[in-house]
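A short write-up of the structure that comes next.
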Number of protein chains: 2
Amino acid sequence: MTERNETGEPLDDPDTPRGRGGASAVIPAGSPGSGRPGLDRRRILGAAVEFIDVNGLSALTMRRLGAHLGVEAMALYRYVPGRESLLDGVVETVIDELYGDPDVHIEPTHGWEDYLQRLAHGVRRIALAHPEVFPLVATRPPSAPWIRPPLRSLRWVESFLTALTTHGFSSEGAVAAYRAYSSFLLGHLLLEVSQKGVKISPLDEPETPVRADADVQQYPLVVELEPLLSLDESAAEFEESLENLVDRLQLVRRESRQPRRD
Amino acid sequence: MTERNETGEPLDDPDTPRGRGGASAVIPAGSPGSGRPGLDRRRILGAAVEFIDVNGLSALTMRRLGAHLGVEAMALYRYVPGRESLLDGVVETVIDELYGDPDVHIEPTHGWEDYLQRLAHGVRRIALAHPEVFPLVATRPPSAPWIRPPLRSLRWVESFLTALTTHGFSSEGAVAAYRAYSSFLLGHLLLEVSQKGVKISPLDEPETPVRADADVQQYPLVVELEPLLSLDESAAEFEESLENLVDRLQLVRRESRQPRRD
DNA sequence: ACCTGAACACCGTTCAAGT
DNA sequence: ACCTGAACACCGTTCAAGT
């Protein structure tokens, strides 16, 4: 009984040229050498990611994606069960880019702190590279309760838990760390990405002061602190919060190594 | 020039019976005494929230919402510019419930730590009360970069900043605290809510073990730690992380009171 | 003043038909 | 084997028309 994998689609065997790696999973076509080959699940998902990056999520329809691929919408249904699982595939495709990131290795050769740092920065690069896709990464219902955004794959969970348990964390400690880490990444990156989206969606208007016509006086502190509030300190905040989280996990690790008995 | 408010709709004057408060903004109708009064922006938004709570976000269409209100879809356009701003209104409606929450007061009479605690728990109650709406709260593009989810209103930002600056925080410290606080709430609550959604979406199946048919052996740690991973410790995690955040902000506060000059 | 009917352009999805 | 055309049910939204 071949049930369903994480996203509900049939999983093609990986008979594509690039074996497992290559950060450039988005644009290129199927077999190397031919110009516009036949359709292909990978090609469709790549085109969908590209389409969302350029036109925004709300612009993605089966018909338009078909047109983008030079094909009628109905042709897509041979490779994808429907729009919903197309979106699941988009999320999977984007997260899979992490495997091609040379700065994120699975084995933590420089300690678990270094591993958490590199992994976090890798996820952040992906979020910033696909700001229109990231809300999808954040909100698509996971297939299991412990597959948490934004690291939505068994493979990354395994990698994470391995890194920590092989570096002095107890099982409980590693799981607690996984939870705290997911929560931090999700919150920070979703905010950073949405902040980025706001800045460009209005026209080039260099400034849009507060005054909502009427109640300027109603929110004096917001008005006064607007210059501070408008600063984009996302990068610094990310580093700082990440550092702080790692420090906190160091305590978790120490406590979990010697479970005190009363 | 009456431009647009935060959500882009014309804002009706509040000529509705309940003056500003009342946590029960969802179900009740317009004027008290009459059974099914005329339409009304508030009534429409309340019905939309209720509809999403019951049927899920994807089920909400203008036509179905109209039917739910005993009216043709086209009648809604007299009160709401379109579907997109209906969703903005839904988000606003849900967040406004915070004002009716007796456990969340604006003035922090028991210190800023207590204020942050009560506010956080209030937001959490809302997220858990409207799990299908919360992803919308999390991802709708804010109207300004410093209106951050999940506290998406000028009023709450003002309240937050007031509480902190009147309790020893510098401007910079208060703004930094606002950022860290938003990020924590967003990440944790979005994960908690989506986790909750997963648990009920499949049928009553009490257990859905890992085995994705093939690669059971590929993720041995996930398999081994599945019992731990499956535990729902959201509530405890929330308390702990919140406590930790408050502690961290205590340091920010102390540092920011005496800006050292070198 | 408030709601409706009919209409338009566009969706996702199906299925028999083409090549 | 792979794609298309036509069709179906359903969308959001507009606008003239009803009451």
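Everything numeric here is computed off the predicted structure, so don't read it as measured data. In what follows, every chain begins at residue 1, and chains take the letters A, B, ... in the order their sequences are listed.
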(request) Measure the CG-CZ distance between L190(B) and F134(B) for me, rounded to the nearest 0.5 Å. (result) 6.0 Å
(request) Taking all non-hydrogen atoms of both residues into account, name the closest pair between K196(B) and L128(B) and its distance. (result) NZ-CD2, 4.2 Å
(message) On the six-membered ring of F51(A), is R64(A) placed so that its NZ or CZ lies under 6.0 angstrom from the centre and within 45° of the ring axis?
(response) no
(message) Starting the side chain at C-beta, find the nucleotide from dC3(C), dA7(D), dG12(D) nearest to R78(B).
(response) dC3(C)
(message) Taking the six-membered ring for Trp, are Y99(B) and W156(B) closer than 6.0 Å centroid to centroid?
(response) yes
(message) Rounded to whole Å, how long is the line connecting atom CG of L76(B) with atom P of dC11(D)?
(response) 13 Å
(message) In whole Å, I'd like the distance from the CG atom of L65(B) to the P atom of dC10(D).
(response) 18 Å
(message) If I take atom CZ in residue R41(B) and atom P in nucleotide dC2(C), what distance separates them, rounded to the nearest angstrom?
(response) 16 Å
(request) Go through dG5(C), dT13(D), dT14(C) for me and flag the one nearest to the A73(B) side chain. (result) dT13(D)
(message) Counting only side-chain nitrogens and oxygens, does R64(A) get under 4.0 Å of the OP1 or OP2 atom of dC11(C)?
(response) yes
(message) Given dC3(D), dC3(C), dG12(C), identify the nucleotide with an atom nearest to the side chain of T61(A).
(response) dG12(C)
(message) Let me spell it out: for each of A75(A) and Y77(B), pick the nucleotide of DNA chain D with the closest heavy atom. Which residue's pick is nearer the 5' end?
(response) A75(A)
(request) Among dC11(D), dT4(C), dC3(D), find the nucleotide with the atom closest to the side chain of R63(B). (result) dC11(D)
(message) Using OP1 and OP2 only, check whether a side-chain N or O of R83(A) sits under 4.0 Å from dG12(C).
(response) yes
(request) Look at the side chain of M62(B) and decide which nucleotide, out of dT13(D), dT13(C), dC3(C), has an atom nearest to it. (result) dT13(D)
(request) Would you tell me if any nitrogen or oxygen in the side chain of Y79(B) comes within less than 4.0 Å of OP1 or OP2 on dA1(C)? (result) no
(request) Measure from CD on E72(B) to C1' on dA7(C) and round the result to the nearest Å. (result) 14 Å
(request) Can you tell me the distance, in whole Å, between the CG atom of L86(A) and the P atom of dC11(C)? (result) 14 Å
(message) Mind checking if M74(A) touches a base, just sugar-phosphate, or nothing, with heavy atoms under 4.0 Å?
(response) base
(message) If you apply the rule salt bridge (Lys or Arg N to Asp or Glu O under 4.0 Å), what do you find for R63(B) with E72(B), and how did you get there?
(response) CA-CA 7 Å; R63(B) 293 171 128 106; E72(B) 299 297 315; over 6 Å; no
